[in-house]
Amino acid sequence: MKVFRVNRITGENFKGMKHFEIIANGNNVVARGENGTGKTTFFDAYIWSVTGKLSDGSAAEDSIKRFGENGTTPLDGGIVHAVEVEFDTGINTVTIRREFVEQYVTPSTRSIGTTKKKRGTATEVFKGHTTNFFINGVPKQKKEFDAFMETLVPIDTFNLLSMPTYFCKTMAWKKRREVLMAICGVVTDTDVINSTEELKPLTTLLGDSNIDDFIKTIKSNIKKYGDELKSIPARLDELSRQITDNEANKENLLIEIKNLQKARAELDAEIKGLQQQPSLEFSSPSAELVPINSKIKNLELNISDYTSKIDHVNKQLQALKGEYTELENSKPGICPTCGQAMPFEKFAETRNKRAQLIADEVKSLKDMRQRQTKSIEDWKLELSKLQTQAAELQKQIDATKGQEPKVDIKQEKLKAAYDKRDQLSASINDVQGTINGIERQEMIKRRIEELRTRETALNRDIAELEKQLYLAETFIRCKVKLIEQNINSKFKYVNFKMFDTQLNGGVTECCEPLIDNVPYNDGLNRGAKMKAALDILSTLSKFYDVELPIFIDDAESYTSNSMIEVKNQVFRLIAAEGVKELNITVETSQANAAAA
C-alpha cells in the first residue's frame, strides 16, 4: 500500500493569511481557533495545492487574494499567492508548489483601455492571472504537473481519500454506486441463479436475454393476453344471440337435395331427348297460346311469391325497429358468462355492436325489398304484354270455331317438362337455403367453441407468465440481497442500501449509506455521519491501496465514539471559543488515531 504523510505545509498570502507553516513530519495535527482564525483556510490551502480547487470543490481564483472594503479583490501588484506541501511517499520525499500571481505586460504604442500600473521605470498593464507549478523546486507546465500528480494519486482518488465526507456528501450517488460495485465485484446473473434452487428454471427461460428485457417481455405479453381475454365474453355473448332453434336434420336435407338434383338431371335428359324429336311444322293460335299462358302463370306465381316475400321483409324491418328502440332504452344487466353485473362500459360496447348489426341488417333488407319490388314491376310489365297477346290469340281461336290445326304433342310435353323442372329448381333452392342456415349455425357454434378454448388457453398462459414474472422478481430480490451483502461485508459500521423498492414491486438503483438503518442524508446525526465517513474511507483506502492524510473539519463536534480509529495521518480542525489566533499542535505520539 502507498502510504502518504505530510511533512510540511507552507502558505504565502493565501486567503488573507500572509504566512503560515506547519511542520508535521508525518504526525497528526490539531488546529484550534475561533471561527475566522484560518482553520478552513489551512484545509483549503492543502487541497488547492493538489487539485487547484478549495475543500468544498469550488473554484479558488476569486477567494485566494485578500478582499477589499467593497467585497472585491483589488490588484495587489503581483504578490505571489502560494502553497507548498512536502509529502513523504514512503519511498522518497516530494515537494509540490502552486502559485497564483497577477500578470502584467508592457503595452504597445496603441491605446489600450486597461488598468495601468507603474512597476520600476516601465509602465505595465494588468493582463490577468497566471498559475505557476513546481515539483521539487523545478518549474513545470500545468499538464506536466497534473500528469505527475496522477502518477502519485489520481485527483478523484485524492479527493475521495483526503476528505472523509466527500464520498457521502459531494460524490453523486451513481458515482458512489460505481465505486462500491468495483469494490465488491460484479454479481452475474449466473451467480444469482446458482444462489438458490428456486431460480434454476431461469437458466432456460432467460436464454440470451438479460433479466430486465425478460421482465419487460413478460409484462407486455400479460397485458396483451389480458386485453384479449377481456374481449372474449362480449364476443361470446354476441355470437350466442345469433343462435336460433332449427330442428331440421342436415343429413336428411342433404339426401333430399341430392334426390332433387338427380330428378332434375333426369328431367334435363328427357327435355334434351324431346328437343331432338321432329315436330309438326305448323302453327295455330291454340299452339301459340299454350306457352304464353304458361309464362303468364309463371309470372303470376313469381309476382305472388315476391309480394309475400316483401310482406315478410316489412315484418322483419318492423321487428328490427322495435328491437332497436328496445336496445336504446336498455340498461346494464347480468353478464351471461360470469354472472356478475355487467360494467356500463362493457354494456355500452355490447349495445353499440348490436346496434351496428341491426343497422347492417336493416340496410340489407331494404336493398332486398328494393330489388324484389323492381322485379315485380318488370314482371307486371311483361305480364301485361303477354296478356294482350293471349287475348288476341284467344279472339283468333274463337273466330276459327274449332277449325285450327291440331297442337304439336312435342310442345305439350316440353311445356310439362319445363314446368316440372322449374318446380324442382325451386325446391332445390329452398332446401339449399335451409342447409346454408344450418351450416351458418354450425359455424357460429364452432366459433363459440374456439373462443372458449382460446379463453382457457389465455388463462393458462397468463398464469404461466405470472409464475415466470414472480420468478424474475425473486431473481431481482436475490440479486439485491447478494449485492448488498457483498458490499456491506466490506464495512464495519456502515450498511448500504443499493436498491429502492417501488409501490408496484419493482426496484430502482440507488446508493444510500446507513448507520443502524438510518440514512446518511435523512436523520443521521453529525457524529454518526463522521463514523460512517471514516468507516467508508478506511475501506476505500484498502481498495485503492493508498493511504492519504485526512482533514476533519468541525472536529469539536465529534465524540470518541464517532472518531473511530484510522491509520491515516489526521488533521483535526477544532473551533475553540476564546482562542483568538490559530493554534497548531503537532501530536508526536505516532498513535495516528483519529480519537487521539
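Computed from a prediction, not measured in an experiment: that's the story for all the values here.
- A donor-acceptor contact closer than 3.5 angstrom links the side chains of Asp44 and Ser55.
- Listed by chain and number, the residues in a side chain to side chain donor-acceptor pair (under 3.5 Å) with Lys490 amount to none (sequence neighbours excluded).
- Asp212 pairs by the salt bridge (charged side-chain N to carboxylate O under 4.0 Å, His left out) definition with nothing, not counting sequence neighbours.
- A heavy-atom distance below 4.5 Å is not found between the side chains of Ile218 and Lys216.
- Each side-chain hydrogen bond (donor to acceptor under 3.5 Å, both in side chains) pair with one or both residues in residues 130-143, not counting sequence neighbours, appears once here: Glu99-Asn132, Lys142-Asp146.
- Counting only heavy atoms from C-beta outward, the side chains of Leu471 and Glu198 approach each other to under 4.5 Å.
- Summarising the local packing, NZ of Lys353 is surrounded by more than 12 heavy atoms from other residues, nucleotides or ligands at distances under 6.0 Å.
- Residue pairs satisfying the ring pair (Phe, Tyr, Trp, His ring centres under 6.0 Å) criterion with at least one member in residues 472-497, sequence neighbours excluded, are listed as follows: Phe491-Phe496.
- Of all heavy-atom pairs spanning Val192 and Leu199, the tightest one is O-CD1, 3.6 Å.
- Counting heavy atoms from C-beta on, the side chains of Val6 and Gln569 come closer than 4.5 Å.
- Evaluation of the ring pair (Phe, Tyr, Trp, His ring centres under 6.0 Å) rule for Phe43 yields Phe551 as partners, not counting sequence neighbours.
- Checking Tyr104 against Glu102 by side-chain atom types alone, a donor-acceptor pair falls below 3.5 Å.
- When all heavy atoms of Leu54 and Ala59 are compared, the closest pair comes out as CD1-O, 4.0 Å.
- For Arg8, the salt bridge (charged side-chain N to carboxylate O under 4.0 Å, His left out) partners at least two apart in sequence or on another chain are Glu84, Glu86.
- In terms of modelled atom types and a separation under 3.5 Å, the side chain of Thr157 and the main chain of Val153 share no donor-acceptor contact.
- For Thr585 and Asn583, the side-chain atoms include at least one donor-acceptor pair closer than 3.5 Å.
- Here Arg5 pairs with Glu547 in a salt bridge; the nearest charged N to carboxylate O distance falls below 4.0 Å.
- Taking a cutoff of 4.0 Å between a charged side-chain nitrogen and a carboxylate oxygen, Asp227 and Lys224 do not qualify as a salt bridge.
- With sequence neighbours excluded, the residues satisfying ring pair (Phe, Tyr, Trp, His ring centres under 6.0 Å) with Phe133 are Phe145.
- Partners of Thr188 under the side chain to side chain donor-acceptor pair (under 3.5 Å) rule, at least two apart in sequence or in another chain, are Asp191.
- Ring pair Phe100/His129 is parallel by interplanar angle, where below 30° counts as parallel and above 60° as perpendicular.
- Of all the heavy atoms in Ala555 and Arg572, the pair that sits closest is CB-CB, 3.9 Å.
- For Arg177 and Glu509, the salt-bridge test passes: some basic side-chain N is under 4.0 Å from an acidic carboxylate O.
- Applying the side-chain hydrogen bond (donor to acceptor under 3.5 Å, both in side chains) test to pairs two or more places apart or on separate chains, those with a residue in residues 515-541 are Arg526-Ser557.
- Under a 4.0 Å N-O distance rule, the pair Lys174/Glu178 does not qualify as a salt bridge.
- Taking the salt bridge (charged side-chain N to carboxylate O under 4.0 Å, His left out) definition, one finds that Lys467 meets it with nothing, sequence neighbours left out.
- Every salt bridge (charged side-chain N to carboxylate O under 4.0 Å, His left out) that Lys200 has, sequence neighbours left out, goes to Glu197.
- For residues 161-171, there are no side-chain hydrogen bond (donor to acceptor under 3.5 Å, both in side chains) pairs, not counting sequence neighbours.
- With rounding to the nearest 0.5 Å, the separation of SG in Cys510 from CZ in Phe499 is 8.0 Å.
- Ion pair Arg460/Glu455 not flagged as a salt bridge, since none of the NZ, NE, NH1 or NH2 atoms sits closer than 4.0 Å to an Asp/Glu carboxylate oxygen.
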